[in-house]
Asks: 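First, the structure itself, so that you have it in front of you.
Values reported hereafter were calculated over all heavy atoms of this structure, with side chains retained and with hydrogens, waters and symmetry mates removed.
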Amino acid sequence: MKTLLVILIGSALVNNVVLSQFLGICPFLGVSKKTSTAAGMGAAVIFVITLSSLITSALYAFILKPLDLTYLNTIVFILVIAALVQLVEMILKKYSPALYKSLGVYLPLITTNCAVLGVALLNVQNGYLDKGSVAIGIIKSVANGFATALGFTIAIVIMAGIRERIEYNDIPQSFKGTPIVLITAGLMAIAFIGFSGII
């Protein structure tokens with residue numbers, strides 16, 4: 001239980017996938033203009049990363065590792081992620097056309113979002129599936145995936161809220177647009193470092 005709590009807090013806050021590992025920067029900067037769109041993207045990423053962590057961990061533990069095919073990790077994981085993103089795209093197109101339209105090109109970009117693939121590969125590299133029972137390893141991988149996606153969602157929603165307020169502020173011309181967004185992201189990264197004292 002304590003290990004799971006450390007994984008959850010560590011992945012969501014301390015080792016935030018966007019602010020400390022710099023994975024998933026493209027959708028983080030591209031979709032964080034409105035809070036509603038950012039929350040929708042965060043929900044899609046939570047679904048994809050959590051489910052892909054479960055499926056890729058199971059594939060690794062029950063197929064790739066026993067058959068000594070671990071060198072195929074990246075290819076297999078990308079195929080799983082691409083299939084999950086297609087599923088999310090179909091669901092959003094049918095049940096939430098407005099969100100589907102507002103996410104635009106960034107929804108298919110979840111497939112190439114290095115954060116999604118990075119989490120699947122980190123689950124293997126962190127050895128969650130090599131120590132103890134396979135079931136506990138898969139639970140740790142899913143917890144890591146969920147917490148990482150939650151950390152991404154927290155970061156993108158906070159960034160969207162800040163960007164909505166920045167729009168109405170008097171900012172020097174040279175800082176308008178991307179420069180102020182990058183400065184804001186840097187300050188957020190510094191703030192998230194403060195969570196490292198928790199664990």
Asks: Between CD1 of Ile91 and OG of Ser96, what distance do you get to the nearest 0.5 Å?
Replies: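 Those atoms lie 11.5 Å apart.
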Asks: Give the C-alpha distance, both sets of side-chain angles, the deciding distance and a yes or no for side chain to side chain contact (heavy atoms under 4.5 Å, CB included) between Val76 and Thr56.
Replies: CA-CA 8 Å; Val76 172; Thr56 55; over 6 Å; no
Asks: Please find the pair of heavy atoms, one from Ala155 and one from Leu19, that lie closest to each other, and give the distance.
Replies: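 In this case the closest contact between Ala155 and Leu19 is CB-CD1, 4.1 Å.
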Asks: Side-chain atoms of residues 45-52: list all donor-acceptor pairs with protein atoms under 3.5 Å, sequence neighbours left out, distances to 0.1 Å.
Replies:
{"residue": "Thr50", "atom": "OG1", "partner": "Ile46", "partner atom": "O", "Å": "2.7"}
{"residue": "Ser52", "atom": "OG", "partner": "Val48", "partner atom": "O", "Å": "2.9"}
{"residue": "Ser52", "atom": "OG", "partner": "Ile49", "partner atom": "O", "Å": "3.1"}

Asks: According to the salt bridge (Lys or Arg N to Asp or Glu O under 4.0 Å) rule, which pairs have a member within residues 49-78, sequence neighbours left out?
Replies: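 Of all non-adjacent pairs touching residues 49-78, those that pass salt bridge (Lys or Arg N to Asp or Glu O under 4.0 Å) are Lys65-Asp130.
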Asks: When you measure from the side chain of Ser32 to the backbone of Ala160, do you find a donor-acceptor pair of N or O atoms at a distance under 3.5 Å?
Replies: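 A pair under 3.5 Å: no.
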Asks: Atom CG in Leu122, atom CG in Leu117: separation rounded to 0.5 Å?
Replies: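 Going from the CG atom of Leu122 to the CG atom of Leu117 covers 9.5 Å.
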Asks: Considering non-hydrogen atoms only, spot the tightest contact between Ser174 and Pro179 and give its length.
Replies: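 Where Ser174 meets Pro179 most closely, the heavy atoms are O-CG, 3.7 Å.
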Asks: What residues, two or more places apart in sequence or in another chain, satisfy side chain to side chain donor-acceptor pair (under 3.5 Å) together with Glu164?
Replies: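 Thr35.
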Asks: Taking atom CG of Leu69 and atom CD1 of Ile75, what is their separation to the nearest 0.5 Å?
Replies: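 Going from the CG atom of Leu69 to the CD1 atom of Ile75 covers 11.0 Å.
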Asks: Residues two or more places apart in sequence or in another chain: which of them pass salt bridge (charged side-chain N to carboxylate O under 4.0 Å, His left out) with Lys101?
Replies: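 Per chain and number, Lys101 pairs via salt bridge (charged side-chain N to carboxylate O under 4.0 Å, His left out) with no residue.
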Asks: Do Val18 and Leu23 have side-chain heavy atoms sitting under 4.5 Å apart?
Replies: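 The answer is no; the side chains never approach within 4.5 Å.
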Asks: Check side chain to side chain donor-acceptor pair (under 3.5 Å) between Lys34 and all other residues, then give those that pass, not counting sequence neighbours.
Replies: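 So Lys34 forms no side chain to side chain donor-acceptor pair (under 3.5 Å) with any residue.
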Asks: Listing request: all ring pair (Phe, Tyr, Trp, His ring centres under 6.0 Å) pairs with a residue in residues 142-192, at least two apart in sequence or in separate chains.
Replies: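 The answer is Phe192-Phe195.
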Asks: Working note: Val181 + Met159, criterion side chain to side chain contact (heavy atoms under 4.5 Å, CB included); need CA distance, chi angles, decisive distance, verdict.
Replies: CA-CA 8 Å; Val181 173; Met159 174 60 91; 4.1 Å; yes
Asks: Mind checking whether Leu64 and Asn73 have side chains closer than 4.5 Å, heavy atoms only?
Replies: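 Side chain of Leu64 against side chain of Asn73, heavy atoms only: contact under 4.5 Å found.
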Asks: Applying side chain to side chain contact (heavy atoms under 4.5 Å, CB included), can you list everything that pairs with Ser133, at least two apart in sequence or on another chain?
Replies: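 Expected list: Ala135, Ile136.
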Asks: Restricting to side chain to side chain contact (heavy atoms under 4.5 Å, CB included), what partner residues turn up for Ile166, sequence neighbours left out?
Replies: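 Ile166 satisfies side chain to side chain contact (heavy atoms under 4.5 Å, CB included) with Ile162, Ile171, Ile180, Thr184 only.
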Asks: If I take atom CG from residue Asn15 and atom OG1 from residue Thr148, how far apart are they, to the nearest 0.5 angstrom?
Replies: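 Between atom CG of Asn15 and atom OG1 of Thr148 there are 8.5 Å.
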Asks: How many angstroms lie between CD1 in Ile139 and OG1 in Thr3, if you round to the nearest 0.5 Å?
Replies: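 Between Ile139 CD1 and Thr3 OG1, I get 12.0 Å after rounding to 0.5 Å.
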Asks: Are the side chains of Ser20 and Val14 in contact, using a 4.5 Å heavy-atom criterion?
Replies: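 Result no, sub-4.5 Å side-chain heavy-atom pair not found.
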Asks: Given side chains that start at C-beta, do those of Tyr128 and Ile138 come closer than 4.5 Å, heavy atoms only?
Replies: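 Side-chain contact under 4.5 Å: no.
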Asks: Sort and list the pairs that fulfil salt bridge (Lys or Arg N to Asp or Glu O under 4.0 Å) and have at least one residue in residues 23-33, not counting sequence neighbours.
Replies: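 Not a single pair qualifies under salt bridge (Lys or Arg N to Asp or Glu O under 4.0 Å).
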Asks: Please find the pair of heavy atoms, one from Ala143 and one from Leu4, that lie closest to each other, and give the distance.
Replies: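 What the structure gives for the nearest pair is CB-CD2, 3.7 Å.
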Asks: Just verifying a value: how many Å separate Ile7 CD1 and Lys140 NZ, rounded to the nearest 0.5 Å?
Replies: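 Nearest 0.5 Å value for the CD1-NZ distance: 5.5 Å.
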Asks: Which atom pair, heavy atoms only, marks the closest approach of Ala185 to Phe28?
Replies: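 Heavy atoms only, the tightest pair is CB-CE2, 4.1 Å.
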Asks: Determine whether a donor-acceptor pair (N or O, by modelled atom type, separation under 3.5 Å) exists between the side chain of Arg163 and the backbone of Leu29.
Replies: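 It does hold such a pair.
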Asks: For Ala12, enumerate each residue passing the side chain to side chain contact (heavy atoms under 4.5 Å, CB included) test, keeping only those at least two apart in sequence or located in another chain.
Replies: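 With sequence neighbours excluded, Ala12 shows a side chain to side chain contact (heavy atoms under 4.5 Å, CB included) to Ala147, given in chain and number order.
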Asks: Mind listing the closest non-hydrogen atom pair of Gly24 and Pro27 along with its distance?
Replies: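 That closest heavy-atom pairing would be O-CD, 3.4 Å.
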Asks: Could you work out, with side chain to side chain donor-acceptor pair (under 3.5 Å) as the rule, every residue matching Asn16, not counting sequence neighbours?
Replies: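 Result, side chain to side chain donor-acceptor pair (under 3.5 Å) vs Asn16: none returned.
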Asks: What's the shortest heavy-atom distance between Ser141 and Asn123, and which atoms?
Replies: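 The answer is O-ND2, 3.5 Å.
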Asks: Apply side chain to side chain contact (heavy atoms under 4.5 Å, CB included) to residues Phe22 and Val17 and explain how you reach the verdict.
Replies: CA-CA 6 Å; Phe22 305 111; Val17 71; over 6 Å; no
Asks: Sequence neighbours left out, what passes side chain to side chain donor-acceptor pair (under 3.5 Å) with Thr37? Give chain and number order.
Replies: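 Expected list: none.
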